[in-house]
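Shown next, in structure tokens, is the structure this report addresses.
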Number of protein chains: 2
Amino acid sequence: MDRRGDIIRGVWRTILTRGIAGVSVRAVAEAAGVSVGLVQHYHRSKDALIRASAAAMIEGSAAAYRLAGFAPSEAVRHLVTHAIPTSPAARDGVVIWHAYLAASVADEELAALLRAAKSGQERELATHLAAVVPEDEVTHVARSLIALADGLAARVITGEISGADAVQTAEAATDAFAGIARGRSQAP
Amino acid sequence: MDRRGDIIRGVWRTILTRGIAGVSVRAVAEAAGVSVGLVQHYHRSKDALIRASAAAMIEGSAAAYRLAGFAPSEAVRHLVTHAIPTSPAARDGVVIWHAYLAASVADEELAALLRAAKSGQERELATHLAAVVPEDEVTHVARSLIALADGLAARVITGEISGADAVQTAEAATDAFAGIARGRSQAP
DNA sequence: ATGGATACAATACAATCGTATTGCTTGCCG
DNA sequence: CGGCAAGCAATACGATTGTATTGTATCCAT
């Protein structure tokens, strides 16, 4: 009986069905199958509840990444394409992330959480990129690739392009940047 | 006395100060300096109000772009970097855009609006890119550049990186893609 | 066993929500 | 001049909101 987790998952489900504006303590309680009182027991306010759910999501995907134990080359690929949803289930994560982003304009504490998560992701990518890109370009390339993936992900969730298309674009870009870095040695 | 416009701007101001979840008919009316009744007079429901404000924003930036009348080379630069806020005022536009994106999960009609706007932007960039990129890569490069800019913009609004840094990254990427397309003729 | 913490539910409350209704003013068309 | 449409404000409605309060179980340490 992981009520704490149920509540967090309730927040996510509510975001997905009613949008961030539709998240209320009652809606979350119902989605989680618990009472309003219990939600309050674990989270002192609605804002705190949302922040906790964001923190849980960030921690969850960091843990999944560590668990996977990627080889260096796979790590780069994973870090770039991971943000892009190729299945309905993965789509959810991106939708939820954008909900937090929108909510962060009215919650500086939440904004700080998201900031830290993204720059952590960028640093992680940069360390793996160091093997294949000159040192003075690493930060720059890492930032570009993460941004590209995020931008593509945003268009996938609106249904504008497919996840597969987005991944293909992202992988081509990854090769392109790596190619440039290796002195354009990959011309056909 | 442009009350219609006042109301739309009221929506935007409310999004910026209270987030998309804080947008209520009353809050918008107050921000616009009009009565609740007048907001209802022009917009049959809150959802319709939000959609109208999104449509106004999309139309507004399209009109501004047409008015500017860029030369082809400037157009590419503008279309890529425009989404990236370099001033507090420009930041607002990106924040508002993300608010709409978050709201679109619970409003399919709004989602369609955003979809159409983004793919229009991509098509416009593609036509200007045709002069400098091989035909079979145009769509792909346009998509990558727009996605890159959007991803960078998202990180600017969280305060993680500066607008200037983001623009620099975006311009470097633009050159890189153009460079690749020209057969890597730009090596140092 | 007993006492205090923790887990959980129920309910009460004022505030705010979206929307419907009504009415007053203004301007234009006949 | 009269009438009708549009612009605009006020208010009333029940529903929903966030949160405080209060209660009862359940537990583990003393």
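We use all heavy atoms of the structure for the numbers below, so side chains are in, but hydrogens, waters and symmetry mates are not. What you see is a predicted model, and the numbers here were worked out from it, not measured in a lab.
With hydrogens and angles ignored, no donor-acceptor pair under 3.5 angstrom links the side chain of B:R3 to the base of D:dG7.
Shown for residues 6-20 of chain B: residues whose heavy atoms fall under 4.0 angstrom of DNA chain C, namely B:R18.
When the P atom of D:dT19 is taken as reference, atom NE2 of A:H43 falls 13 Å away, rounded to whole Å. Rounding to whole angstrom units, CG of residue A:L38 and P of D:dG18 are separated by 16 Å. One can place CD of B:E30 at 18 Å from C1' of D:dC8, the figure rounded to the nearest angstrom. We find that NZ of B:K46 is positioned 11 Å from P of D:dT17, with the value rounded to whole Å.
Rounding to the nearest 0.5 Å places CD of A:E122 at 10.5 Å from CG of A:L129.
Among the atoms of the strands shown, only primed sugar atoms or phosphate atoms (P, OP1, OP2) are found under 4.0 Å from some heavy atom of B:V23. When heavy atoms are screened at a 4.0 angstrom cut-off, A:V28 is found touching no nucleic acid atom at all.
Heavy-atom neighbours of A:E171 CD from other residues, nucleotides or ligands within 6.0 Å: above the threshold of 12. Within 6.0 Å of atom CZ in A:R77, 12 or fewer heavy atoms from other residues, nucleotides or ligands are found, so the atom counts as exposed in its surroundings. Atom CD of A:Q168 has 12 or fewer neighbouring heavy atoms from other residues, nucleotides or ligands inside a 6.0 Å radius.
With DNA chain D read from its 5' end, the first of the two nearest nucleotides for B:R26 and B:R4 is the one closest to B:R4.
When atom types are taken as modelled, the side chain of A:H98 and the backbone of A:V94 share a donor-acceptor pair closer than 3.5 angstrom. A donor-acceptor pair is defined here as one N or O able to donate and one able to accept, closer than 3.5 Å; no such pair exists between the side chain of B:E137 and the backbone of B:P134. In this structure, B:R115 contributes its side chain and A:E160 its backbone to no donor-acceptor pair below 3.5 Å.
Contact check, A:Y42 against C:dC8: a side-chain N or O comes under 4.0 Å of OP1 or OP2. Distances shown here put a side-chain N or O of B:S24 below 4.0 Å from the OP1 or OP2 atom of C:dC17. Applying the 4.0 Å criterion to OP1 and OP2 of D:dG7, one finds that B:H41 has a side-chain N or O inside that range. Residue A:S35 has no polar side-chain atom (N or O) positioned under 4.0 Å from OP1 or OP2 of C:dA10.
When the nucleotides D:dA12, C:dA10, D:dG18 are ranked by their closest atom to the side chain of A:Q40, C:dA10 comes out on top.
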